[in-house]
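To start, the structure under review is shown below, and the notes come after it.
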Amino acid sequence: MDINNFPWLTTIILLPMLAALVVPFIPDTDGKTVRWFALAIGLIDFSLISYAFYTQYDFANPGMQLVERYTWVEALDLNWSVGADGLSMPLIILTGFITTLAMLASWPVTLKPKLFYCLMLIMYGGQIGVFAVQDMLLFFLFWELELIPIYLLLSIWGGKKRLYAATKFILYTAGGSLFILVAALAMAFYGDTVTFDMRSLIAKDYALNFQLWIYAAFLIAYAVKLPIFPLHTWLPDAHGEATAPVHMLLAGILLKMGGYALIRMNVEMLPDAHVYFAPILLILGIVNIIYAALTSFAQRNLKRKIAYSSISHMGFVLIGIASFTDLGLSGAMLQMISHGLIGASLFFLVGATYDRTHTLILDEMGGVGKQMPKIFAMFTTCSLASLALPGMSGFVAELMVFVGFSNSEAYSQTFKIIVVFLAAVGVILTPIYLLSMLREIFYGPENKELTSHEKLIDAEPREVFIIACLVIPIVGIGFYPKMITQIYDSKTLEITARLQDALPTLAEKRIVAEPMATIPLTAPVIESSR
Amino acid sequence: MTELLAQSAWLIPCYPLMGMLLSIFWFPSITRRTGPRPAGYVNLIMTFIAFGHGVLAFPAVWHHASINLEATWLEVAGLKLTLPIEISALTIGAIILVTGLNFLSQFYAVGYLEMDWGWARFFSLLALFEAGMCALVLCNSLFFSYVILEMLTLGTYLLVGFWFNQSLVVTGARDAFLTKRIGDLFLLMGVLALYPLTGTWNFTELAQWAQTAQVDPKLITLVGLALLAGPMGKCAQFPLHLWLDEAMEGPIPSTILRNSVVVATGAWLLVKLEPVLALSPTVMNAAIAIGAVSAVGGTLISIAQIDTKRALSYLVTAYMGLTFIAVGTGQTQAALLLCLTHAMAMGLLVMGTGSIILNNITQDLTQLGGLWSRRPISGLSVAIGGLALVALPPLGGFWALLKLADGLWTTRPVLVAIVLLVNALAAFSVTRTFGSIFAGNRQQMSERSPENIWTITVPMTLLLGFTLHLPIILESLSLLPNWAVLNKDVALLLTWSSIFGISISGVLYIGQSVPRPIQLPWKPLQDLFAYDFYTPRLYRSSVVGGVDLISRVTDWIDRYLVDGLVNFVGIASIFGGETLKYGNSGQTQFYALTITGGAIALIAILLAFL
């Protein structure tokens, strides 16, 4: 077999999906075989991902790699076209990583295990598909495809209000994705050639007016997913009702689809419209950060609290995207990856805590730290990561967004100061709600009412292992961010260069002042050699 | 040999880090058989190695130019990320102080936490503190200093929250983190804003830049104020002083460190940043004002506290206020000297009072008394600690305050008055603490009180010895002023102010001439000091209350307006569907009518648009 022409991405996408079809036929009564099967498939797929990118992917090349293209439905001009570049590759790795861990996290699931793991495996392929496909119609298909398993996972294994939450989730996201279809069709039929291929769509030259409309349509669709205020209200409900593994997927990967698609379509395909929309993104980002942080502080339900904290963190992605600097864009990417890890770990811990206390209401907890020291320690670590402590990935990402934005030449000084200040207010609010949360769960005298009727067992090795898997990259990125930024920085550089051409003020400057040396895409910039 | 040790001084922060990592093996959940104690011994050894390394390396750097190392963390095209390290007499001296005090307090902790189950956690956190402080003094970069300060904030949070099942500990830990974090974030803003101006974060280069810098005064003032906020939080200056008082809920061995050296990290950063801050007179005046308010306020509040540890912690705020004054007037040498003498004296004071608190079970000054005859060693430690803190020759504090006041004498006489006032009040406060514990009649809580086991007494007496020898050490390092040029007026004034404070307090608290409890004639004033100018309440009603209220409002908006709209759409569609289903009458005419009506309406709307 020729290793260079092996269809890596297709295999990676289809393997879990095909495995999902096998699940119903596995002889299993108590769900113990099937979970090992799912975990094994997850591991195999993750190692395939790692191997493929390690051997076949050139990090210095900003272009599309591992490309495969087969005609699927000729009449519709639908192609099975996949590929990976600096934008999608880190997110594909993240997806493989988090989903595999989510399989391990779903060990305690006893209700209909076959269906559960079947859906999880479909999710696995579907999520990677969203990041890997290079055809707009296919993208739409995959985008819709991963909604169905999530809907079922929510409505069968969720909490008390699961049906409400699942319906809200499906209506919201499916409604949003209609805009994707409309915009995709409009773009495909624009101009002389009809094409759904993303590369060709990028190359097309759109009129500004058209771009603005398409941009707005995409923005609505991805604002639901990311989510952006005021289209976020499905998230606290869905997150509030999901079980821990589904939670990890929702927070760890599904939110990132919104950010990924924003960069892939809005920024890459519609750079001229982006110039007009960027200030709006910035304002929405600030609103996200502060509004969600404040709302999170007022939540009495643990899952809803963390859910709002996710919304708050996604605000940084918006600021990074709107910064017009490669450092900011790179920070936005890193923030997505970092939040994928941190969000997944926090939600997993919330699930682990819930398994023991059987309540999510903070007022009913208190003082459980004494009986569950390991969970206490892990929860503290992940909260500190979430509140952007130096040495953890969240800090590096937010710092890059901050530095990138304040170095941006696209905005006036006053505007930049106001935005940075407001974002900093959000950063101060984060420890307020996270530390209060820790205090209410773990600190203080033991809540006798809780400890008398719940058996609070400390974390088992499986749980410690999952958190360790998540914390190691968090700390690794925190101490050595270059490790991760270098695998995608050539791509962000390319996008920013394109964006800056679109920016009228900057483009003029570039002509005058020689190719303006792009500020080196850095890890937490410490010293530029210049 | 010493040369080699000096060259490798960057290893010093690694020793405690190694100790920290090794302690993990003795967490109760990992090793049960040996108990957690080996973690303590491992850390003790590591700290001693760090201390020894520092002491042995010192001769090589003394009177030599500083060694500057550059550790290239990573280097890629266009980006060079370096960690500059400065090994000089000053930094090694600071390391000796930090590791020495760490060694003594870890030694102390062996005795103090005899019965505790959290040794591994506690010692690894102390090691984190130690590593952080050593790294801070060595690193010569503003950015890395910021990162390390944040790590220390984390260390404080975890150490204060050590006994997390006590309710006061909870708020103490959280407040410590939050107040410091607010300061740190402003610092970060300043750090980021400074970079475009200077192009470097190296302190040495920053100082060079500041000499010739031409910057917009408004901008540099803003940046300078932001840079000031970080040390303000660290040094527990008004209005970010709240945390230090609440941090007293942590175990005493960590308090020794916090009160003596950890707070001084803020002062250290301030000293390093002085050239930049000096670019804006407003910033310098702000530093002086903050320092003066903290110094006077801190001592006044300290006098009104009935909790031993809190009485001492407010003195820390006051003395750090004096270093702010020193930096604000450009006297960095005096600031550093003050940090040194204050660290030794304060460490001794906390050790001495801690030794009382441990076996008298109370830290309430009103419940103690008459312990002098039973606790002479602790008594002597507290007494010497107190005297070394204030300006009383020949002990350490005198020389530091003399240097400060001498520098202010001709330029800022008002500040000299403040220094004298603070010194007198501090003298009053330490004498009051001493008197309340050791003089007077025995009370119920101080009826039985033997000296503690050797693991507590030995480090205490060792530090006592060092504190007593500090003037000699200073002399041998030629840090003491020349007798010929000594400003005798200042020296006399300082001495008199100390004697004044000590004697009044002595009459009141040692002499027993006034019935206890001694109160100010005007109750509201007494309460004002006792309750820390009502700062906690002020915060609770303003900032905390405000955030709480706003968050409730946003939650309400989110639930009933934003989400309410969504739910309304849902309910409206259900309602619409439910209502319309009655239209399914089965009569063709009715359908035709509906269609016609709909079509007419549509056309009307279209026409209205066109």
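So that the names make sense, note that chain A is the first sequence line, chain B the second, and so on, each numbered from 1.
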Residue part contacting chain B, namely of [X], when any heavy atom lies under 4.5 Å:
X: A/Leu384; value: side chain
X: A/Leu429; value: side chain
X: A/Arg304; value: side chain
X: A/Thr380; value: side chain
X: A/Asp458; value: neither
X: A/Leu438; value: side chain

Can you tell me which portion of [X] sits under 4.5 Å from chain A's heavy atoms? Options are side chain, backbone, both or neither.
X: B/Tyr146; value: side chain
X: B/Val553; value: neither
X: B/Asp184; value: neither
X: B/Arg559; value: side chain
X: B/Leu222; value: neither
X: B/Val566; value: side chain

For chain B, which candidate among A/Phe442, A/Phe402, A/Phe376 shows the most heavy-atom pairs at distances under 4.5 Å? A/Phe376
Quick check on the interface: out of A/Tyr291, A/Tyr433, A/Phe229, who has the most heavy-atom pairs with chain B under 4.5 Å? A/Tyr291
Check the orientation of A/Phe421 and B/Phe186. Use parallel for under 30°, tilted for 30 to 60°, and perpendicular for over 60°. tilted
Just give me the residue among B/Leu565, B/Leu154, B/Ile550 that pairs up with chain A most often, heavy atom to heavy atom, under 4.5 Å. B/Leu154
Pairs of heavy atoms under 4.5 Å with chain A: top-ranked of B/Ile182, B/Ile557, B/Leu188, B/Asn567: B/Asn567
Can you measure from [atom1] ([X]) to [atom2] ([Y]) and round to the nearest 0.5 angstrom?
X: A/Ser323; Y: A/Tyr411; atom1: OG; atom2: OH; result: 7.5 Å
X: A/Ile467; Y: A/Lys374; atom1: CD1; atom2: NZ; result: 13.0 Å
X: B/Lys218; Y: B/Thr221; atom1: NZ; atom2: OG1; result: 9.5 Å
X: B/Leu128; Y: B/Met151; atom1: CG; atom2: CE; result: 8.0 Å

Quick one: do B/Asp175 and B/Arg181 satisfy salt bridge (charged side-chain N to carboxylate O under 4.0 Å, His left out)? Show the steps, please. CA-CA 9 Å; B/Asp175 291 351; B/Arg181 189 85 209 266; over 6 Å; no
For A/Lys305, is there any backbone N or O sitting under 3.5 Å from a side-chain donor or acceptor partner on A/Ser309? no
Counting N and O atoms only, with roles assigned by atom type, does the side chain of B/Lys180 sit under 3.5 Å from a partner on the main chain of B/Lys234, one being a donor and the other an acceptor?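 No; zero donor-acceptor contacts below 3.5 Å.
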Looking only at heavy atoms, the pair that brings B/Ile148 and B/Gly132 closest together is CG2-O, 3.1 Å
Mind listing the closest non-hydrogen atom pair of B/Phe129 and B/Gly155 along with its distance? CE2-C, 3.9 Å
